[in-house]
Amino acid sequence: MNVLNSRPRHLRAGLAAAATAGVLLLAGCGGGARPSADTAAAAGPPVRGGNLTVAVPTDPQSLDMVANPGQVTAHIGNLLYEKLFEVDKEFAARPMLVETYETSSDRLTYTFKLRKDVTFHDGSPLTAADVVASLQRWLKSHVTGQQVAPDVVALKADGDDTVKLRLKEPRYPLIDELASPGTEIYAAKNLKGVPATGFTDKGAIGTGPYKLASWDIGRQVVLERYGDYRSRADEDWGGQAGAKHAYLDTITYKVVADQDAVINGLQTGQWQHAMPGDDQYTALKENASVVVGNVAGANQNVIIPNHDKGSKFADVRARQALNLLMDKPAMNAATGGGPDLTAAVGAMVSEDNAALYSTVGDEVYKQHDPAKAKELFAQAGVNAGDTVRIVTSNSYPQFAQWAVLLQDQLAKIDIKTKIDTYDFPTMLGTINKDPGGWDLTTLFFNAALTSPSQMPAVTLGAFNGSASPQIAGLVREYNAVTSPVQAKEVMDKLQKLVWEQLPVITLSQSKLYAAWSPELKGYDGFYRVFWNSWLKK
């Protein structure tokens, strides 16, 4: 029997990459050095009160982390909701709503004991029934949950404070998957009859340190301190785990799509935190009026070809041609930030996740041969004068920049392009509405993920028709392993297969960053996590 904390967990868990019923949502995070604990200590004792204003690039559209777990939704949701397990500053899974748990000797039965002092924002106590209802929905509707579901024999409440989960066969990454996006715990009563599009603002009730105060769609979301929040006592875990102190009275998320407005607002004090585009990085680092630092993890920047019938990239030779054609260094340079923010690697996992990071496929990633690309396109039936349809978004400037560079590179071999540019939610909706009506799109994925079932490049099937029995087989092989060494071996095989089948074509990994006011103290650069942060008066 394995008892909680009887062995360390070194695998990394992800914060934002999810898909629901055919609508894929990819949320990013960054990586690199973050503000040190010494910096936070030097800020002096925390100050209670005040409003923190945060600039975000788009409206969240929904605060339902299963139905629409985008970057903004995830970052707001992290303050509203909690999971059985959360990731700490090193991305290891830690108990959050769980007090203790046990695993049976055959690794099939998990018994979770819940903390008894936890309440939802409406005052109702957290119960095992709430956990069961939330996880059943995750297993049914979330892409990671759908990967886990076939292994689950039973999930049930055993009294008010105990949940039992029984597996058909051992699943190596289960605890890390329970710390992944989509496993947030909601009150069971608020999940009854919720449509696939998710609950309304009335359902945005969690157990986190902040609760929803108001939502002016398209303009701003305001959170306020939840007065009855009961924090864990673990002060040193960091990340999304452990102690959470709500020093701020309110947090206001302002929708600011224009990058110039984002920078001007930082400089004039309209908002105290933002995550600007890479092309603003160098100038902001030299600006004494703001603090600039990397945030946790990394992004995998990708071009996604559509494998569905009706797309010019349904033939693998067309996907291989695109990989050969793309000038990846030029496309990476166009996003700005330079080597501080860009790693020219084809890996699905961030290098700081040593357990899963792989260099397999690098030789394919580095290929560049436009003449050979033209030959392969012709073999796939894509010829001079044909038009490739690119769908992209201006909510994240690099997406639109990559699309324009793709257009230029395709033009050099006489292939035309049609670019349709939308805000991010509309782009996803357009793709979902017409699966065969597009050829390429531009996105990024979280590269700090824990298991293949959480990796969008592996689970994109419903989004771009890239499901394959070979990929599915390797995911099953990974889930059956019993050691980190075995896990790494399977990860190498999986990454090799991804570069053969090309469900995505990786451009690079990005270490994103945040910029914030010197008045914001206690912030450690972990995404937009603002508990334990305060404003210096």
Side-chain angles (χ1 to χ4, degrees), residues 14-20 22-30 57-58 61 68-75 143-144 181 275 277-278 297-308 311 313 319 322-323 326 328 331-332 334-335 341-342 345-350 365 388-407 419-435 437-449 454-466 498 502-512:
L15 294 177
T20 63
V23 178
L24 183 67
L25 176 70
L26 306 165
C29 51
T58 183
Q61 301 292 309
N68 184 26
Q71 185 186 64
V72 176
T73 304
H75 289 175
V143 68
T144 303
M275 292 176 66
D278 288 1
N299 280 344
Q300 178 190 7
N301 301 317
V302 298
I303 304 301
I304 300 182
N306 189 359
H307 294 225
D308 282 319
S311 167
F313 293 90
R319 303 194 293 274
L322 186 65
N323 180 60
M326 285 174 13
K328 297 185 184 79
M331 296 177 74
N332 292 328
T335 61
L341 298 180
T342 304
V345 296
M348 294 190 291
V349 176
S350 170
Y365 167 76
V388 168
R389 301 157 299 173
I390 303 175
V391 179
T392 191
S393 171
N394 52 15
S395 296
Y396 300 93
Q398 64 267 46
F399 292 175
Q401 289 170 335
W402 295 336
V404 170
L405 286 166
L406 279 175
Q407 183 179 53
I419 299 177
D420 290 320
T421 305
Y422 305 96
D423 62 68
F424 188 63
T426 304
M427 182 189 85
L428 292 179
T430 299
I431 288 171
N432 187 52
K433 226 181 288 181
D434 188 4
W438 61 285
D439 294 309
L440 301 171
T441 192
T442 53
L443 286 173
F444 54 70
F445 304 145
N446 184 0
L449 297 169
Q454 297 174 48
M455 296 174 187
V458 172
T459 59
L460 276 171
F463 182 70
N464 72 335
S466 62
V498 166
L502 296 173
V504 303
I505 301 174
T506 299
L507 291 171
S508 60
Q509 286 187 7
S510 286
K511 306 168 186 178
L512 298 194

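The shortest non-hydrogen separation linking V345 to Y365 is N-OH, 3.5 Å. For L449 against P456, the heavy-atom pair with the smallest separation is CD1-CD, 3.7 Å. When every heavy atom of A334 is checked against every heavy atom of Q401, the shortest pair comes out as O-OE1, 3.2 Å.
Taking CG of L460 as the start and CE of M455 as the end, the distance is 12.5 Å to the nearest 0.5 Å. Here the straight-line distance linking atom CZ of R389 with atom CD1 of I419 works out to 14.0 Å at 0.5 Å rounding. Atom CD of Q61 is separated from atom CG of N68 by 6.5 Å, given to the nearest 0.5 angstrom. Going from atom CG of N299 over to atom CD of Q71 covers 7.5 Å, rounded to the nearest 0.5 Å. Here the straight-line distance linking atom CG of L406 with atom CE of M326 works out to 6.0 Å at 0.5 Å rounding. Separating the CE atom in M275 from the NE2 atom in H75 is a distance of 5.5 Å, to the nearest 0.5 Å.
Under the salt bridge (Lys or Arg N to Asp or Glu O under 4.0 Å) criterion, D278 pairs with no residue, sequence neighbours left out. Considering only residues two or more places apart in sequence or on other chains, D434 meets the salt bridge (Lys or Arg N to Asp or Glu O under 4.0 Å) condition with none of them.
Counting only distance, with no hydrogens or angles, the side chain of H307 and the backbone of L502 share a donor-acceptor pair below 3.5 Å. Remark: side-chain polar atoms of N432 are not paired, donor with acceptor, to backbone N or O of L428 under 3.5 angstrom. Using a distance-only test at 3.5 Å, with no hydrogens or angles considered, a donor-acceptor pair links the side chain of Q509 to the main chain of V349. Using a distance-only test at 3.5 Å, with no hydrogens or angles considered, no donor-acceptor pair links the side chain of D439 to the main chain of F313. Panel note: side chain S311, backbone N306; a donor-acceptor pair is recorded below 3.5 Å. Within the 3.5 Å criterion, the main-chain N or O of T392 finds no donor-acceptor partner in the side chain of T441. At distances below 3.5 Å, not a single donor-acceptor pair connects side-chain atoms of Y422 with backbone N or O atoms of N394.
In this structure, the side chains of T58 and P425 come closer than 4.5 Å at one or more pairs of heavy atoms. Within the 4.5 Å cutoff, the side chain of V458 has heavy atoms near those of the M348 side chain. Looking at F445 and T506, their side chains never come closer than 4.5 Å, going by heavy atoms from C-beta outward. Counting heavy atoms from C-beta on, the side chains of I303 and L322 come closer than 4.5 Å. Residues I505 and V302 fail the side-chain proximity criterion, which asks for heavy atoms closer than 4.5 Å. Two residues are said to be in side-chain contact when any heavy atoms from C-beta on lie closer than 4.5 Å; K328 and N323 meet this criterion.
Relative orientation of the F444 and Y396 rings is perpendicular, given thresholds of 30° and 60° on the angle between their planes.
For the residue pair T342 / N332, no side-chain donor-acceptor distance below 3.5 Å is found, with atom types taken as modelled. Between the side chains of S510 and N301, at least one donor-acceptor pair of N or O atoms lies under 3.5 Å.
The side-chain contact (heavy atoms from CB on, under 4.5 Å) with W438 is formed by just one residue from the set N464, D308, I390; it is N464.
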Using side-chain contact (heavy atoms from CB on, under 4.5 Å), reason through L443 and F424 one step at a time and then give a plain yes or no. CA-CA 10 Å; L443 286 173; F424 188 63; 3.4 Å; yes

